[in-house]
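Hydrogens, waters and symmetry mates play no part in the numbers below; they use all other heavy atoms, side chains included. Within every chain, numbering begins at 1; the chains are lettered A, B, ... in the order of the sequence lines, protein sequences first and strands thereafter.
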Number of protein chains: 2
Amino acid sequence: MREELAAFRDFLRRRGLKCTSQRMRVAERVLQRRDHFSAEAVMDDLRRGGEAHASKATVYRTLVLLEECRLLDSQDFGDGFRSYEPAWGVQHHDHLVCLSCRRIIEFTDHDIERSQERVANSHGFRVTSHIHRIFGYCSDCQDSTHEARQRNSRS
Amino acid sequence: MREELAAFRDFLRRRGLKCTSQRMRVAERVLQRRDHFSAEAVMDDLRRGGEAHASKATVYRTLVLLEECRLLDSQDFGDGFRSYEPAWGVQHHDHLVCLSCRRIIEFTDHDIERSQERVANSHGFRVTSHIHRIFGYCSDCQDSTHEARQRNSRS
DNA sequence: ATTCGTGCAAATATTTTGCAATTTT
DNA sequence: AAAATTGCAAAATATTTGCACGAAT
């Protein structure tokens, strides 16, 4: 994480932006996470940290910067909020999204990646990226009248 | 479309709901479409139709009903609005999206579908639907580096 | 000193909802 | 007449933005 923070500092410097305490505080919290999280969760982290927290606006603005410097990836899974995940030496993966508890399971499948290339080639299409999300119910949520587990914003 | 409208009428009757002119007007417009569309687009259709239009609230409420009676499918692709598509004897397909000319090529690939099931099973996950969009450049746009690349591309 | 950043509140944008008036059955 | 529906405006939700004040370079 030292490395990531340094990378963020460099990025700011290169862009002529300033290393403020708020930015670094947000970055620290964000770069500690390994899972998918929301902007709200970052604010909770800060609040829980007890320290002087950054404002909502600053959190959002800093998340944009972290994404621009490729320390963070974000996607909108259509849950009503944007979902962020670390992007530091993380290999490409796609997602299984549980419609009940909103859990997100990552997967990488070479067969799919290969088939994808084949399909694209057959249409003379050159791929630059893709989105592949599989929706359904995870093993914990398949039977009975499951309660939504709301496991999204916890660390 | 006659058939779909009749199905909608039956659905309303079975539920003890009323066949109002607004509902039928919205249903007519909606069921004419074949592509992906937004709630806003439905309202545009109505306005363009010149006829007395249904209110925004009624459009949204009717879309919910059409989905419940399985004449319509909807997904949130995370573009800022919910996307609807017909669900009347339409077979599943995915999309290649050209970042240059915005052309959309539909494809169906059984290998991918099968691999997808395999991946899901290996996580004890029960699939209900998926989104698979491949971004890149179509055969016509491969060398036009100058074309506008308006949108970001994530994988 | 200059340039940039922060925090607040207000603005967006899409979809939902409360409620009084109106329509369908 | 009873029950359901409409349309309006206001609410809900997540994110963005304008602006005056404050901080980093």
Side-chain angles (χ1 to χ4, degrees), chain A residues 5 8-30 36-44 46-47 51-69 72-84 102 148 150 152-153, chain B residues 5 8-30 36-44 46-47 51-69 72-84 152:
Chain A
L5 277 178
F8 188 44
R9 275 212 183 76
D10 284 356
F11 167 82
L12 292 173
R13 205 153 291 148
R14 267 199 310 285
R15 289 252 277 227
L17 301 176
K18 287 167 181 172
C19 274
T20 65
S21 59
Q22 287 94 327
R23 272 180 188 157
M24 299 321 283
R25 229 180 282 135
V26 172
E28 247 176 72
R29 296 285 168 185
V30 160
H36 287 256
F37 57 91
S38 64
E40 185 58 35
V42 175
M43 297 203 285
D44 286 348
L46 288 166
R47 268 180 227 119
E51 45 196 345
H53 67 258
S55 73
K56 198 188 296 189
T58 296
V59 168
Y60 276 106
R61 289 190 271 230
T62 305
L63 287 172
V64 170
L65 292 174
L66 286 165
E67 209 177 337
E68 281 173 2
C69 92
L72 214 54
D73 250 355
S74 87
Q75 296 147 287
D76 189 334
F77 286 106
D79 297 342
F81 52 84
R82 185 153 277 268
S83 182
Y84 296 86
R102 291 288 157 191
Q150 270 325 345
N152 200 289
S153 49
Chain B
L5 277 178
F8 188 45
R9 274 211 183 75
D10 283 357
F11 167 83
L12 292 173
R13 205 154 290 146
R14 268 198 310 283
R15 289 251 277 225
L17 302 177
K18 288 168 180 172
C19 273
T20 65
S21 59
Q22 287 94 327
R23 269 178 190 159
M24 297 322 282
R25 229 180 284 135
V26 172
E28 248 176 73
R29 296 284 167 186
V30 161
H36 285 257
F37 58 90
S38 64
E40 185 57 36
V42 175
M43 298 204 283
D44 285 348
L46 288 167
R47 270 181 225 115
E51 48 196 341
H53 68 259
S55 73
K56 197 188 295 187
T58 297
V59 168
Y60 276 104
R61 289 189 272 230
T62 305
L63 287 171
V64 171
L65 292 175
L66 286 165
E67 210 178 336
E68 280 173 3
C69 93
L72 214 54
D73 252 354
S74 87
Q75 292 148 291
D76 189 333
F77 286 106
D79 296 339
F81 51 82
R82 183 153 278 267
S83 181
Y84 296 86
N152 55 356

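Here B/R61 lies in heavy-atom contact (under 4.0 Å) with a base. Across all strands, A/Y60 comes closer than 4.0 Å to base atoms (heavy-atom distances).
No side-chain heavy atom of B/F37 sits less than 4.5 Å from a side-chain heavy atom of B/D44.
Over its full length, the helix from C/dA1-D/dT25 to C/dT25-D/dA1 turns its helical axis through 20°, comparing axes from the five pairs at each end and rounding to 10°.
A distance of 5.0 Å separates CE of A/M24 from CG of A/L5, quoted to the nearest 0.5 Å.
Look at CD on A/E67: it is 13 Å from C1' on D/dT15, rounded to the nearest Å. The distance between atom NE2 of B/H53 and atom P of D/dG7, rounded to the nearest whole Å, is 7 Å. Remark: C1' of D/dT5 and CG of B/L12 are 12 Å apart, rounded to the nearest angstrom. Following rounding to the nearest Å, B/L46 (CG) and D/dT6 (P) show an atom-to-atom distance of 13 Å. Atom CZ of B/R23 and atom P of D/dG7 are 11 Å apart (whole Å). Rounding to whole angstrom units, CE of residue B/M24 and P of D/dA4 are separated by 19 Å.
Counting atom types as modelled, B/K18 pairs a side-chain N or O with a base atom of D/dA3 as donor and acceptor under 3.5 Å.
Taking a heavy-atom distance under 4.0 Å as the criterion, the stretch of DNA chain C touched by chain A extends 5' to 3' from C/dT3 to C/dC8.
Counted by atom type alone, A/T58 and A/Q22 present zero donor-acceptor pairs between their side chains at under 3.5 Å.
Here the side chain of B/R82 pairs no donor or acceptor atom with the backbone of B/A39 at under 3.5 angstrom.
B/R13 pairs by the side chain to side chain contact (heavy atoms under 4.5 Å, CB included) definition with B/R9, B/D10, B/C19, not counting sequence neighbours.
With the nearest nucleotide of DNA chain C identified for both B/Q22 and B/E40, B/E40 has the one nearer the 5' end.
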